[in-house]
Chemist: 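Once you've had a glance at the structure underneath, I'll fire off some questions.
Order of the sequence lines sets the chain letters (A, B, ...), proteins ahead of strands, with each chain counted from 1. Here the structure is a predicted model, which is why all the values come from computation and not from measurement. These values consider heavy atoms only, across backbone and side chains, with no hydrogens, waters or symmetry-generated copies.
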Number of protein chains: 2
Amino acid sequence: MQKVTIHDIARELNITFSTVARALNDHPAISVTTKEAVRETAKRLGYRQNKVASSLRSGRTNIIGVVVPSLDVSFFSSVVHGIERVMHENGYSILLYQSNESLKQETKGIATFLASRVDGIIASVTAETFQYEHYTEIKKRNVPLLFFDRTLDELQVPSVTINDYKGGFMATEHLIRKGYKRIVHISSERNLPIFSERLRGYTDALAYYDLPFDENLVFRGNISMEYGKTCVDALLEKQVQFDAIFALEDYMAMGAIHQLLAHGITVPDQVGVIGFANEAFGAYITPTLSTIDQQTVKMGEEVANLFLKLSKNKKFYEAEPERVVLEPLLMIRQSTAR
Amino acid sequence: MQKVTIHDIARELNITFSTVARALNDHPAISVTTKEAVRETAKRLGYRQNKVASSLRSGRTNIIGVVVPSLDVSFFSSVVHGIERVMHENGYSILLYQSNESLKQETKGIATFLASRVDGIIASVTAETFQYEHYTEIKKRNVPLLFFDRTLDELQVPSVTINDYKGGFMATEHLIRKGYKRIVHISSERNLPIFSERLRGYTDALAYYDLPFDENLVFRGNISMEYGKTCVDALLEKQVQFDAIFALEDYMAMGAIHQLLAHGITVPDQVGVIGFANEAFGAYITPTLSTIDQQTVKMGEEVANLFLKLSKNKKFYEAEPERVVLEPLLMIRQSTAR
DNA sequence: ATGAAAGCGCTAACAC
DNA sequence: GTGTTAGCGCTTTCAT
């Protein structure tokens with residue numbers, strides 16, 4: 001199949017290529033007859049608009065870049081799923097990049113987006129993003145930038161997050177109301193605001209219900225099932241008193257439950273466990289896992305809609321950045337059903 | 001930040017823009033001094049190559065399009081994860097499209113890819129792709145097309161799949177060797193080769209071990225936890241004799257286990273259950289779920305590598321298409337441990 | 001080792 | 001309602 005351009009269509013119909021271009025773009029000044037003739041010929045010749053040429057000329061690509069740590073984490077693939085749907089419905093394409101939690105990769109992805117002249121960038125930063133010239137450059141070039149979940153607050157750009165503080169508070173409060181008193185929190189050694197906010201929710205809930213905060217009950221490690229097990233082992237070995245665990249994330253919670261059961265400790269009777277993320281498996285394990293839902297797909301849809309709304313006006317960075325905060329949802333299941 | 005082009009750099013250095021272009025592309029005929037001066041000036045002025053212009057002129061975009069049914073299915077997001085990594089390492093970007101199992105959406109995605117002049121397309125077809133002019137058009141335009149997992153064999157394009165027949169056979173054989181004799185198969189009402197192949201593996205395994213095939217033991221429904229439950233209910237209500245279930249997919253297997261346990265039937269003692277897909281939750285449920293692993297990330301890496309290898313030569317469609325078939329992996333866990 | 005010039009396929013301002 | 005014209009920012013061939 002030969003490559004066919006608007007010139008070929010024009011030649012075929014004895015009109016100029018600019019008329020063809022207008023007809024294809026449904027320009028109001030073109031007669032219906034011409035439009036139909038053009039469309040028919042275009043179809044017959046197998047014409048496909050060349051978006052590359054169109055973008056070069058118009059300065060708009062109708063492409064937005066999305067950078068996430070990893071698609072292999074269901075949280076992110078789920079958000080991207082939401083972003084993708086909304087953006088496609090509105091005529092945008094998605095360029096995808098995974099940072100794999102590496103600052104270098106993230107920087108490279110953004111460089112590619114900039115070179116590709118994307119019309120906007122949606123990102124969730126890596127856990128090691130301490131410097132962020134690559135993000136400030138986006139702003140400087142006046143390319144719309146939005147964050148979801150993992151943000152850089154200093155940057156003053158629009159974002160969609162969930163209220164992690166409230167999520168941490170709710171999880172802890174739920175355990176307290178169920179009568180648990182010595183509540184362990186398994187956190188991350190990674191220094192992300194979303195994690196410290198959950199921790200803050202935990203400590204505030206303890207304070208609110210007049211329970212003492214005990215540093216011995218707080219653990220920090222990598223987000224994995226393995227680390228959940230490690231914490232339980234450490235607690236038992238040191239004979240620390242505890243009757244509940246609020247894990248930063250469901251896989252950690254899962255590991256903790258496994259290890260508790262392995263030691264003959266019943267869940268939720270002797271120890272209650274609650275996670276965070278509402279991973280799919282939580283509803284299927286035994287006991288089913290109480291957790292905090294983060295409204296992932298909605299988060300993707302919200303950030304896409306926010307982009308669509310804000311990118312309408314040229315002065316994307318002039319107003320105070322809009323920060324949408326979604327509400328966490330408490331999912332009560334068996335693991336806290338005392 | 002003003003938009004800066006190679007002309008700006010040229011003006012700054014009193015050389016022509018074509019020398020700048022060559023320097024930036026590390027052309028061998030340019031002196032090291034010039035290259036360094038150009039690179040320094042480019043950096044100082046904040047130059048970013050315009051890939052749109054470059055693509056228009058060169059005819060290559062270094063972008064490949066990826067269409068999958070849904071990123072919210074971990075199988076697909078995991079494969080895309082693999083594709084993405086390999087492609088980025090080789091200087092390609094990924095345009096992403098979800099078909100949501102809709103032929104119309106799939107067609108639209110491919111139209112966008114074609115208009116965007118992608119250098120190749122990697123796809124996994126929807127369950128309703130019975131007509132496929134949109135795919136033949138890709139071939140006609142000589143754009144490299146590759147399938148993974150869900151293919152259209154008639155199309156004669158390279159692909160990466162796993163041996164579903166063997167997977168079905170292995171799952172069934174495993175149950176038989178564990179002493180199960182009346183094995184139910186829960187299949188899909190959807191008419192995809194990957195599903196009928198698993199069924200064929202099932203029937204062949206029965207025949208191989210001299211077990212009778214009983215149409216009453218085969219169910220067809222939508223892939224969901226719910227349908228797994230429905231099947232168990234139907235079996236019990238009709239008082240059909242059975243002692244094992246091979247489910248087409250893990251969520252179905254999960255639903256079946258739940259319903260068996262709800263009826264006081266022990267797993268794996270009274271009934272053995274095996275799934276297919278190796279979803280993350282399988283390792284965490286009680287009992288842990290035996291299943292067939294599909295090597296998802298590897299599948300993505302393989303299809304990306306196949307693209308890189310084949311797209312090197314112009315005559316992508318001339319040779320017999322290379323079809324890589326990965327081996328399924330049997331994951332033995334508690335749900336079949338009799 | 002560098003310059004000159006053409007043109008990729010389109011959009012859009014300006015004519016008539 | 002349609003034609004003319006001028007680029008968008010590069011790559012690439014042909015000179016020198």
Side-chain angles (χ1 to χ4, degrees), chain A residues 1-39 41-42 45-63 91 111-112 114-119 141 143, chain B residues 1-39 41-42 45-63 91 112 114-119 141:
Chain A
M1 199 181 255
Q2 256 317 89
K3 54 174 86 173
V4 16
T5 73
I6 48 176
H7 292 92
D8 300 311
I9 300 174
R11 198 178 316 116
E12 196 89 356
L13 293 171
N14 268 313
I15 53 178
T16 58
F17 71 96
S18 52
T19 305
V20 174
R22 277 191 279 248
L24 290 171
N25 291 322
D26 208 22
H27 189 108
I30 300 294
S31 73
V32 183
T33 357
T34 314
K35 276 184 190 168
E36 277 183 1
V38 168
R39 278 198 269 260
T41 314
L45 300 184
Y47 172 79
R48 287 271 182 206
Q49 187 200 34
N50 186 332
K51 284 197 187 239
V52 180
S54 157
S55 297
L56 177 59
R57 182 54 236 250
S58 70
R60 298 182 59 250
T61 52
N62 272 299
I63 294 176
T112 310
L114 257 17
S116 302
R117 299 299 192 262
V118 295
D119 289 343
R141 290 178 190 273
V143 173
Chain B
M1 199 181 255
Q2 257 316 91
K3 55 175 87 175
V4 17
T5 72
I6 48 176
H7 292 91
D8 300 311
I9 300 174
R11 198 178 316 115
E12 196 89 354
L13 293 171
N14 268 313
I15 52 179
T16 58
F17 69 94
S18 48
T19 305
V20 175
R22 277 189 278 248
L24 257 13
N25 290 322
D26 208 22
H27 189 108
I30 300 295
S31 73
V32 182
T33 357
T34 313
K35 278 183 190 168
E36 278 183 1
V38 168
R39 278 198 270 259
T41 315
L45 299 184
Y47 171 79
R48 287 269 181 207
Q49 186 200 35
N50 186 331
K51 284 198 187 235
V52 180
S54 154
S55 297
L56 176 60
R57 182 55 236 249
S58 70
R60 297 182 60 249
T61 52
N62 273 297
I63 294 176
T112 310
L114 257 17
S116 302
R117 300 297 191 265
V118 295
D119 289 343
R141 290 178 189 272

Chemist: Checking all strands, does A:T34 fall into the base, sugar-phosphate, or nothing category for heavy-atom contacts under 4.0 angstrom?
Modeler: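 Sugar-phosphate contact only - A:T34 comes under 4.0 Å of backbone atoms but never of a base.
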Chemist: Donor-acceptor pair, A:S54 side chain versus A:N50 backbone, under 3.5 Å?
Modeler: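 Absent.
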Chemist: Name all pairs fulfilling the salt bridge (charged side-chain N to carboxylate O under 4.0 Å, His left out) condition that reach into residues 53-63 of chain A, sequence neighbours left out, sorted by first residue then second.
Modeler: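 For residues 53-63 of chain A, and leaving out neighbouring residues, there are no salt bridge (charged side-chain N to carboxylate O under 4.0 Å, His left out) pairs at all.
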Chemist: Does C:dT11 have OP1 or OP2 sitting under 4.0 Å from an N or O in the side chain of A:N25?
Modeler: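 For C:dT11, OP1/OP2 do have a side-chain N/O of A:N25 under 4.0 Å.
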Chemist: Which heavy atom of B:L56 sits nearest a heavy atom of A:A53, and at what distance?
Modeler: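 Minimum heavy-atom contact is CD1-CB, 3.7 Å.
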Chemist: On DNA chain C, nearest-nucleotide positions of B:R117 versus B:I15: which is more 5'?
Modeler: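 Mapping each residue to its closest nucleotide by heavy atoms, the 5'-most match is B:I15.
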Chemist: Of B:A21 and A:T19, whose nearest nucleotide on DNA chain D comes first from the 5' end?
Modeler: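 This one resolves to A:T19.
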Chemist: Over how many whole Å does the gap from B:L56 atom CG to C:dC10 atom P extend?
Modeler: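 Checked: the CG to P distance equals 9 Å.
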Chemist: Identify which one of A:T19, A:V38, A:I15 satisfies the side chain to side chain contact (heavy atoms under 4.5 Å, CB included) criterion when paired with A:I9.
Modeler: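 Checked A:T19, A:V38, A:I15 against A:I9; only one passes side chain to side chain contact (heavy atoms under 4.5 Å, CB included): A:V38.
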Chemist: Classify the nucleic acid contact of B:S18 as base, sugar-phosphate or nothing, counting any heavy atom under 4.0 Å across all strands shown.
Modeler: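 Answer is base: heavy atoms of B:S18 come under 4.0 Å of a base.
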Chemist: Can you measure B:F17 atom CZ to C:dA4 atom C1' for me and round it to whole angstrom units?
Modeler: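 For the pair B:F17 CZ and C:dA4 C1', the rounded distance is 8 Å.
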Chemist: Among C:dA12, C:dC8, C:dC10, find the nucleotide with the atom closest to the side chain of A:S58.
Modeler: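 Closest nucleotide among those given: C:dA12.
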Chemist: With sequence neighbours left out, write down each residue that passes ring-ring contact (aromatic ring centres under 6.0 Å, His included) with A:H27, or none if nothing qualifies.
Modeler: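 Scan of A:H27 (ring-ring contact (aromatic ring centres under 6.0 Å, His included), adjacent residues dropped) gives none.
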Chemist: Can a side chain N or O of B:T16 be found less than 4.0 Å away from OP1 or OP2 on C:dG3?
Modeler: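 Answer yes for this pair, as a side-chain N or O of B:T16 is under 4.0 Å from OP1 or OP2.
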Chemist: Please report the distance, rounded to the nearest Å, between CD1 in B:I6 and P in C:dA5.
Modeler: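 After rounding, the gap between these two atoms is 16 Å.
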Chemist: In whole angstroms, how far is the C1' atom of C:dC8 from the CG atom of A:D8?
Modeler: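 These atoms are roughly 14 Å apart.
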Chemist: Looking only at heavy atoms, what is the nearest atom pair of B:S31 and B:T34, with distance?
Modeler: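 That would be OG-OG1, 2.6 Å.
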Chemist: On DNA chain D, which is the earliest and which the latest nucleotide, 5' to 3', with an atom closer than 4.0 Å to a heavy atom of chain B?
Modeler: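 The contacted stretch runs from D:dG9 to D:dT13.
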Chemist: Write down the distance between CG (B:L13) and P (C:dG3), rounded to a whole number of angstrom.
Modeler: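 Checked: the CG to P distance equals 10 Å.
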Chemist: Going by heavy atoms in the side chains, are B:R11 and B:D8 under 4.5 Å from each other?
Modeler: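 In short, these two side chains touch, coming nearer than 4.5 Å.
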Chemist: C:dG9 base to B:R57 side chain: any donor-acceptor pair below 3.5 Å?
Modeler: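 Counting by modelled atom types and ignoring angles, no donor-acceptor contact under 3.5 Å is found here.
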Chemist: Could you pick out which residue, B:R22 or B:Y47, lies toward the 5' side of DNA chain D when each is mapped onto its nearest nucleotide?
Modeler: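 By nearest-heavy-atom nucleotide position, the 5'-most residue is B:Y47.
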Chemist: What integer distance in Å separates A:H27:NE2 from C:dA13:P?
Modeler: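 One finds 10 Å between P of C:dA13 and NE2 of A:H27, rounded.
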Chemist: May I have the distance from A:K51 (atom NZ) to C:dG9 (atom P), rounded to whole angstrom?
Modeler: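 My rounded result for the distance is 17 Å.
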